[in-house]
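Computed from a predicted structure; not experimentally measured. For ligands, and for the atoms within them, numbers begin at 1 and follow the listed sequence.
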Amino acid sequence: MAQIMIKNVRKDFGSFNAVKSSTFTIEDGEFFMLLGPSGCGKTTTLRMMAGLELPTSGEIYIEGEEVGMKPASQRDIAFVFQMFALYPHMNVGKNISYPLRSQGMPKAQIKKKVGEVAEILGITDILNRPVGGLSGGDRQRVALGRAIVRDPKAFFMDEPLGALDAEFREHMSAELRALHDRMGATTVYVTHDQLEAMQMGDKIVVMNHGVVEQFGRPQEIYDWPSTMFVASFLGSPSMNFLTFEGMIGNNRRTVEMNGVDFAIPESLEGARGKLAFGVRPEHVQFSDSSPYKGEVLATEYLGTTQIVTLATANGEIKSRVNAVQSIQVGDHVGLQFDPRTITIFNVDTGKALLSLANQEVLKHG
Ligand code: ATP
């Protein structure tokens, strides 16, 4: 098990800068997600940690030792790829024991280790089966077994469930997380799926265009996004942005949009220019007494909730409300927003003007 530190790591491919100066720490035993859209630099970051790609600059530490220039074979990590290639001519047991046999480990010890790993993964009964006829889930388990059997310092997984259908993917992600909880080994997991990242991860790094936009616990990132990109990448539907020309000064605890004052979680000083009022759909509430109005453009029934799309003076907004609430297209409704959940952004920089540190103070008194 290991702590992994990335310090100012950058990667260029020729003149193309794939990863900008990235800094974050993965604590010992964490299930850590690298999340972002296609091409944002997640895989390149993971490959640099693994030693499959050399950083152009910056430092990578595993267990306190600088490994940036060390080859993969000397880093003692195990990689689980999306296209988990098993050796087709070997049975399950032989596939799992392969890394130990190539290390020259004595037979009796190999048998014991493979038995333990098969037990952990629940595949003891298929150890003698050829891998050819296995189900997708069992193939994934065998690939994991081959990674686990070496007792590496950390597991690196690059979209390991990407090829599976939705239902099975959910099942395997729960199984992977449970396996991690049993073993407690540091795991770094690449995904573009925000739901998967929030469900499975202890911490998440959100990347975009090679930049680390934010890193923290899933709830921190969801509740207090530090950029508009993070706010819109996490959550479905994503955070609403109502845009307005702002002039906030004198430590005000409100912002004015279209003549209506809205409370915000902390005072903002000197915020001016084009601002965005960020509110998640579940925090947009209907209230007859609110002077801030929206016109219902569409409703989308989702079983227990419905998504209502409304036009306001500051742009379109989505609200998630109970499905039993009767709402018709064309209705004019008053809108109110829970002040504790508002984030204000500078539209030009895309950055949040309210900080997580201050929110923590507010939440805990
Ligand atoms: P995906 O999920 O699509 O793999 P990603 O976030 O993992 O996306 P990377 O694979 O890290 O993205 O790629 C980041 C950028 O670097 C992409 O624009 C990619 O085309 C580019 N890139 C990656 N490897 C190389 C390479 N060997 N040579 C040139 N460009 C590369």
### Query
Would G210 count as a contact of ligand 1 if the rule is a heavy atom under 4.0 Å away?
no

### Query
To the nearest 0.1 Å, how far is atom 27 (N) of ligand 1 from its closest protein heavy atom, and which atom is that?
F13 CE2, 3.4 Å

### Query
Is there a donor-acceptor pair closer than 3.5 Å between any side-chain N or O of N240 and the backbone N or O of K318?
yes

### Query
Using the ring of each side chain (for Trp, its six-membered ring), is Y292 parallel, tilted or perpendicular to F337, with breaks at 30° and 60°?
perpendicular

### Query
Regarding E196 and T191, is there a side-chain donor-to-acceptor distance under 3.5 Å anywhere?
yes

### Query
Which residue holds the protein heavy atom closest to atom 10 (O) of ligand 1, what is that atom called, and what is the gap in Å?
T43 CB, 3.6 Å

#### Entry: Which residue and heavy atom of the protein sit nearest atom 2 (O) of ligand 1, plus the separation
K42 NZ, 3.3 Å

### Task
Write out the residue and atom name of the closest protein heavy atom to atom 3 (O) of ligand 1, then the distance separating them to 0.1 Å.
S38 OG, 2.6 Å

#### Entry: ligand 1 contact by G36, heavy-atom criterion under 4.0 angstrom
no

### Summary
Taking only non-hydrogen atoms of F16 and a 4.0 Å limit, the atoms of ligand 1 in range are 15 (C), 16 (O), 18 (O), 21 (C)

#### Entry: Pairwise distance OH(Y222) to CG(L234) - rounded to 0.5 angstrom
8.0 Å

### Message
So for ligand 1, is G41 a polar contact partner (N or O within less than 3.5 Å, distance only)?
### Response
yes

#### Entry: Within-cutoff protein neighbour (heavy atom, under 4.0 Å) for atom 23 (C) of ligand 1
yes

### Task
Pull out every atom of ligand 1 sitting under 4.0 Å from any heavy atom of C40, numbered as shown with elements.
5 (P), 6 (O), 12 (O)

### Message
I'd like to check atom 20 (O) of ligand 1 in this structure: does the protein have a heavy atom lying under 4.0 Å from it?
### Response
no

### Message
Quick check on the hydrophobic clustering: are M228 and V279 connected, directly or via other members, by side-chain heavy-atom contacts under 4.5 Å?
### Response
no

### Query
Side chains of S226 and Q214: is there a donor and an acceptor less than 3.5 Å apart?
yes

### Query
When you measure from the side chain of K42 to the backbone N and O of G36, does any donor-acceptor pair fall under 3.5 Å?
yes

### Task
Please report which non-hydrogen protein atom sits nearest to atom 13 (O) of ligand 1, along with the residue it belongs to and the distance in Å to one decimal place.
T44 OG1, 3.7 Å

### Task
Measure the acute angle between the ring planes of F241 and F345, then classify it against the limits of 30° and 60° as parallel, tilted or perpendicular.
perpendicular

### Message
I need the nearest protein heavy-atom contact for atom 8 (O) of ligand 1: residue, atom name and distance, please.
### Response
G39 N, 2.7 Å

### Task
Can you sort out which atoms of ligand 1 are near P37, meaning under 4.0 Å from one of its heavy atoms?
6 (O)

### Task
Mind telling me whether F215 and F32 have parallel, tilted or perpendicular rings, with 30° and 60° as the class edges?
tilted

